[in-house]
Protein chains: 2
Amino acid sequence: MRKRATAKQVAEAAGVSKWTVIRAFTPGASITEESKRKVLETAAALNYTPNLLARSLATNTTGQVAVFVDDFANPQKLPFLESLTEKLQAAGLVVMLININNHFDHVNALLHADQRQVDAIILFGTAFRDETLTDLQLGNGMPPMFVLARDSQIEGVPAVVCDAELALREIVDHLHAKGYKRPGFMSGAAALSTALRRRQHFAEFWAEKGVTDIALLFAEKYSAPAGAASIRRYLSETAAQDRVDVLMCENDILAIGAMDEIRGKFGLRVPEDIAIVGFDNYELGGSFAYGLTTYEQPRNEMVDVVLKMIKGKIEPETITLPGRLIVRRSA
Amino acid sequence: MRKRATAKQVAEAAGVSKWTVIRAFTPGASITEESKRKVLETAAALNYTPNLLARSLATNTTGQVAVFVDDFANPQKLPFLESLTEKLQAAGLVVMLININNHFDHVNALLHADQRQVDAIILFGTAFRDETLTDLQLGNGMPPMFVLARDSQIEGVPAVVCDAELALREIVDHLHAKGYKRPGFMSGAAALSTALRRRQHFAEFWAEKGVTDIALLFAEKYSAPAGAASIRRYLSETAAQDRVDVLMCENDILAIGAMDEIRGKFGLRVPEDIAIVGFDNYELGGSFAYGLTTYEQPRNEMVDVVLKMIKGKIEPETITLPGRLIVRRSA
DNA sequence: TTGTACGCGTTATCAT
DNA sequence: ATGATAACGCGTACAA
């Protein structure tokens, strides 16, 4: 489509061989200051920059990392994407953002990323089914894969996640200390392993406090309207005296949706009638309107770890990082 | 880094020439059913897929589009990114997400995208200074560029934006009809041309109603805390009887920050004491907690237009699309 | 330090 | 329909 200056053209203009031009652009190559200066000058004049495409073909490494995302409803994705792009770019990598929704077949997306020769694939909070990956004969030519902010049960695909056990223990301890006695849990998508883990730990630690009856609510997806619909169903079907006194939602966006419904449609108070806890520490959850008690994922640290694995600086293995309980008014 | 099967290897295994292999993967190429079947079979056995990198080098077109973003605080970016990735992918293109913040020099980012041979560059809501672009001698080897969701005054760089004149006219008409008499406007970043346009139109249409005294507020950036800080400064410095009765914020995230501050810290009511209007129609603005009156940008249509320009289906020129006034409780 | 073959995997074009 | 040659722009290995 466009025409760019090539190393060969620069070489001719500068009166050297094209390999000298290459060397001028290769850090640490053996070349005289004189030659280098001359090359760089004419290169600037001709508007020449190395063609990274050709370089990738020759070196068999592209510096591109595919980031798969399948759910754009959770605003939490945005700061993660910011951290990902910033840190990867600082490491000389660039993010290929790939939307994996229902319209776009997962296997095709993986093959496509592979065809583009990406250096790595990050499954960022996606609802990938394990079979999708195992079908592809991992390790057999596919780029290294990593799961970010979700569990992975797949052999050879390490995950980097917030420590769910620690998180739920702190949350339950806090709720118990506050005197709540009738807990409930709202899941966003029961099929996901992460969902089950958080819910399991929630139940497990309440059981340690002697509370075994946990109300279970389900939202169709991770969005405010889905959270609202879920709590609406629950409140409509449950008599006032049977209701939970505290509801933990699997993430902040569900919690916000639930809170709005509780206060707006049912005229109940948070936390007096029902206390609410979220997960993620989405910025607006901390606003005056919500004052949401939540748990912060160590975003930057998680991205750092994934980056190190991609760069081969640490062994690729599943790692859990501690987050931080954020107590506000809602619980 | 990894090893992939090549067309040559498949050719040897299938007992044909490598060009026959290529043809088997080229839609509409002349090849016998027999050969094609044989090639595809052995290709599947060897796990071969065409190397898009090599193809790009040969065809001089990568199918990659760089999307520049410099501000991840506005949750509005997320649905836009969803729309961008989905529509571009459906058109056979893939998004390179490039974070342009203060740590990353704008010119370098442009050159980097150029070096990667992207087919186009989308400046998505970025605060690019015009000089940054003109310095780069546009059209002189750089990929075609488009500005999305911001104005562009740059020759040869078309913009696709929501029609600000129409939007502000509808908004001011609505506010005037509601009986508000003392309007104010909060800008997110005075240097940006879009900011000025919205503010200008706001003032212009109020002037038509005979109101020439518009209070001007400034937020340091587009974020809820910045919006809160701005209104806090204003309310602290302005006596109750001198205050605005309606405040239009340049976008929803500023509006939400302002609303929280007004109600949470100052104990004032929205809209009774101060009415609030935003811009963008961010999902949570429509929640019970905020009930924000706002203006919806035609996201999907805007992305469609940019895509058509990239694909060369329509002439690249600045286009403004009509949005939609969303009236809720806040004004 | 500098110059020369050759290879990376594909596409375009021509000859068979 | 198939095979062969050249070209895309750069990197590596080796020779001068």
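Letters A, B, ... mirror the listed sequences (proteins, then strands); counts begin at 1. Nothing here was measured: the structure is a model prediction, and the numbers come from that model. These values consider heavy atoms only, across backbone and side chains, with no hydrogens, waters or symmetry-generated copies.
Judged by atom type and distance alone, B/Trp19 reaches the base of D/dT5 through a side-chain donor-acceptor pair under 3.5 Å. Put simply, the side chain of A/Arg23 and the base of D/dG11 share no donor and acceptor less than 3.5 Å apart.
Checked against D/dC8, C/dT10, C/dG3, the side chain of B/Leu57 finds its nearest nucleotide in D/dC8. Side-chain proximity of B/Ala54 to the nucleotides D/dC10, C/dG9, D/dG3 is greatest for C/dG9. When distances run from any side-chain atom of A/Pro50 to the nucleotides C/dG3, D/dC10, C/dT10, the shortest one goes to D/dC10. Set against C/dT11, D/dA1, D/dC10, the side chain of A/Ile22 has D/dC10 as its closest nucleotide.
Each of B/Ser35 and A/Thr49 was matched to the nucleotide of DNA chain D holding its nearest heavy atom; the match closer to the 5' end belongs to B/Ser35. Comparing A/Thr20 and B/Ala7 against DNA chain C, the residue whose closest nucleotide sits nearer the 5' end is A/Thr20. Each of A/Lys8 and B/Thr32 lies near DNA chain D, and the nucleotide nearest B/Thr32 is the one positioned closer to the 5' end.
Within 4.0 Å (heavy atoms only), B/Phe25 reaches no atom of the nucleic acid at all. Note on A/Ser56: nothing from the nucleic acid sits closer than 4.0 angstrom, heavy atoms only.
Atom-to-atom distance recorded for B/Met145:CE and B/Ile122:CD1 is 10.5 Å, nearest 0.5 angstrom.
Note on B/Arg197 versus B/Asp151: salt bridge recorded, some NZ/NE/NH1/NH2 to OD/OE distance being below 4.0 Å. Between B/Lys8 and B/Glu12 there is no salt bridge, since no side-chain N of the basic residue sits under 4.0 Å from a carboxylate O of the acidic one.
Between A/Thr59 and the phosphate of D/dC10, there is no side-chain N or O to OP1/OP2 separation shorter than 4.0 Å.
A/Arg55 and B/Gln115 share no side-chain donor-acceptor pair at under 3.5 Å.
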